[in-house]
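Step one of this worksheet: look at the structure below.
Residue numbers start from 1 in every chain, and the chains themselves are labelled A, B, ... in the order their sequence lines are given, proteins ahead of strands.
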Amino acid sequence: MTDATLSGMDNAAQRAGADKKALLAADGTPLKQKLARTTRRMKFNAFMLTLPLVLFLLVSFVFPIGEMLVRSVYNPTGSNVVPQFAKAIQDWDENEGIPSEELIEIFVKDLATAAKNREVGKTVGNLATRINYEIPGSRSLFTKTARKVRRLEEGPYKEALFEIDKKWENPNIWRTLKRVTRDYTLSFYLAATDRKFDPDGSIVRADELYQIYLPILWKTIWLSALITALCFIIAYPVSYLLATLPLRTSNLLMIMVLLPFWTSLLVRTSAWIAMLQKEGIINNILVYLGLIGNEHRIQMIYNATGTVIAMVHILLPFMILPLYSVMKTIPPTYMRAARSMGASGTYAFTKVYFPQTIPGIAAGTLLVFILAIGYYITPALVGGNDGLLISNLIAGHIQRSLNWSLAAALGTILLVVVLTLYWVYNRLVGVDNLKFG
Amino acid sequence: MSVAAELSAEPAGEAFVRFENVQKSYDGEILVVKDLNLDIPKGEFLTMLGPSGSGKTTSLMMLAGFEPATHGNIYLDGQSINNVPPNKRGIGMVFQNYALFPHMTVAENLAFPLHVRGLSKSEIETKVRQALEMVELPEMGGRRPAQLSGGQQQRVAVARALVFDPNLILMDEPLGALDKQLREQMQYEIKHIHENLGVTVVYVTHDQSEALTMSDRIAVFNDGVIQQLSTPDDLYERPQNSFVAQFIGENNKLHGKVTKLTDGIATVDLDGGEVVTAAAVNVVANGDRTTLSLRPERVEIEPKKSSVDNIVTGEIRELIYLGDHVRTRMSVAGNDEFIVKVPNSAGHKPLAEGAKVKVGWKAEDCRALDPLTS
């Protein structure tokens, strides 16, 4: 310690009542303050270096995910199309059965205004679609009613409405309307988990025929687990070879492992179609060898089998690379030491080698599983109907049925599954132990 | 080679480990070990010493069972072990970087060979505790290897090799990763453990002082061949060839030609013109080229005529004061790197750089060996 700091401490001690622990720099300013000042510039520079990435992530990642989370619960169709009615019906008591004349008047007028509206998201068609999610088949009721109420000049509106269609006499239509015209709703999450609101507001399972999302989600998880397991079984011995062979041989092997990375995804998938189809190479060889009859060609593509085969191939490098990078760091002397102490090859492997590769296994399986669970293009190309995954359904809702809120709810559920998995991994293995290479 | 064969044939008790005409080649073109014959009696501490690539580690790996011998037989306790896998040989081994299993605690590491042997839980506990006490680390059982210092890891590695009571311990440069002070301390500790337990140790190192400190006998390897197999003092005092003389300790080389050979004394015409006498060790006939080997501490400055056989004149080039002695670099008989250790004793005449002085030595301290080309 220099004299300057010593005297600084003395000074501090003399200033009775002052915090005795606050060390002072040579010029008398508190040391902490001094240190913060000198490191501020460094911190600022470091922040500026990461700024482009931070902005990029904000725009392309954080914002869209936030948007998705909001969209899965926020659907303002009701207040967009029939704004007065959407507000008024919230005070209505559902047990009344049919709303009062005043409320129905508001509804009819709103509907008449909306019928003239051509603005995207504010047409009667939008509301009709939204109601149709809840009560399948009710779309035409709204479009028809909207057409007719334009000519309705004066009341009583209730009778007029009943005259247009008897369905308006059903209280369930009004109950559903009350729920649907709220801006925030859970119905998309219910739909995504094959549930729905009963007209009286309780949550029930959807009809057997409409239960599609949960079975597909379970199938996606199961197929992803299968793909991960197959990748692991294939990758482990290869990684071991890569890590232990002489450099020249292992480099060649590594190039073969990485080759799929350098080939377009579509080319690889098309190659699998050529290989696996009914008149494809593998079936031809099997028939040629007489293993199967010509009329019993195996269906290996456009089903779950095709999805699994093609995805194992595509995701294999993501398993091999983390395993390889971990195995590379395990010196061969560990196995030798174990053997010199009397362990058989199998015992030494299971007790000494394998446990040390767990960080690589964890990283590889996590990576492959997460990639597989959200994979879209390969199942779309080779999956047929049987090999479709949840991401294909999400894409369908975004591109074809245009039910973005349901797509968002499904996407959010997928995100939660992945995060849960990550959390479980963190508890079991520890994320700090993951080694991606 | 003939020397090695002669020495290893010396019956030094019943051979516990025997290499018989062992050869090893990795590529089918170069022999890494050429016709190795070596007997190691029970309880001996034998060191395989040599530069890297001399075949010493390969020999050890063949004994451990990690490399098959290309030709020849290796016997352990009278049994050929060529076809015995390493885990059935019952040999303890300490590796260069210890090879302590990083995912196990120290105690689990020590228990590993005992688990393999199916010992009961209480037996394992007792033996692990004893082993930790032996290496003076009784409190460290619960730690991971990474939490120990280099010296502590080294001790655990030794304890792990000993815990299952093997009769033979192999050590492959076990002290290479330690700093100098710790290395010297560990040399004594390993030596004491060897003395207390009476196990046979085969130790590989490239560090000659380590070999001299610890060994009962040292096998000096070069170019796949044992150059000399002797006790440490023999190796230093009586090197059998120029390689050993060069490799072990400090050594002055003088090149010349044998002109007379009588009663084991060779008369040699040095390339610098002087004529000296030396013990004929590795020269056969008149006219042979030879390299004389002379230890720096056996050279006298300004000797009395009666006390030495040879006197030549040299010029002092450099003086380095080292406290107990002055290291003097001279030019003698054409060799500019001729080193003399002048003891710092009372009444010595002060030396000066550039001065011409007489140096002398006894014929028996100077050994006429096979010629080195340089």
Side-chain angles (χ1 to χ4, degrees), chain A residues 236 239-241 243-252 322-365 425-435 437, chain B residues 26-27 57 60-61 63-67 84-105 108-119 131 144-146 153 156-166 168-174 176-177 202:
Chain A
Y236 201 89
S239 313
Y240 180 77
L241 266 187
T244 48
L245 279 180
L247 200 63
R248 213 172 348 136
T249 339
S250 71
N251 271 348
L252 189 72
L323 278 176
Y324 166 76
S325 77
V326 168
M327 287 176 175
K328 197 77 190 157
T329 62
I330 302 174
T333 46
Y334 286 137
M335 281 295 273
R336 290 188 159 184
R339 304 224 52 199
S340 79
M341 286 184 276
S344 67
T346 326
Y347 189 90
F349 175 82
T350 50
K351 294 284 178 183
V352 175
Y353 194 84
F354 186 79
Q356 293 187 64
T357 60
I358 284 177
I361 298 172
T365 47
Y425 255 83
N426 189 24
R427 294 299 299 270
L428 290 180
V429 187
V431 168
D432 297 343
N433 280 333
L434 289 183
K435 280 188 184 159
Chain B
Y26 287 105
D27 53 5
T57 299
L60 194 78
M61 289 302 161
L63 180 53
F66 299 127
E67 294 288 350
V84 179
N87 50 318
K88 304 278 183 207
R89 295 192 180 191
I91 298 174
M93 186 146 181
V94 182
F95 291 85
Q96 189 163 12
N97 292 310
Y98 321 133
L100 296 175
F101 305 142
H103 57 294
M104 297 182 189
T105 64
E108 284 165 347
N109 262 285
L110 291 175
F112 186 86
L114 306 174
H115 272 299
V116 172
R117 285 171 174 72
L119 266 63
R144 296 274 163 138
Q153 289 182 34
V156 174
V158 171
R160 192 178 66 171
L162 287 165
V163 73
F164 60 102
D165 301 324
L168 176 62
I169 307 280
L170 310 182
M171 299 195 184
D172 181 14
E173 309 228 10
V202 179

message = What part of Leu114(B) gets within 4.5 angstrom of chain A, counting heavy atoms only: side chain, backbone, both, or neither?
response = neither

note = Interface check, chain A: of Pro85(B), Pro102(B), Ala64(B), Gly90(B), most non-hydrogen pairs under 4.5 Å belong to Pro102(B)

ask   = With a 4.5 angstrom heavy-atom cut-off, which part of Pro166(B) approaches chain A: side chain, backbone, both or neither?
value = neither

Atom group of Phe95(B) that falls short of 4.5 Å from chain A, counting heavy atoms = side chain

So which donor and acceptor atoms of chain A and chain B come within less than 3.5 Å of each other?
| from | atom 1 | to | atom 2 | distance (Å) |
| --- | --- | --- | --- | --- |
| Arg339(A) | NH2 | Asn87(B) | OD1 | 2.6 |
| Met341(A) | O | Arg117(B) | NH1 | 2.6 |
| Lys351(A) | O | His103(B) | NE2 | 2.8 |

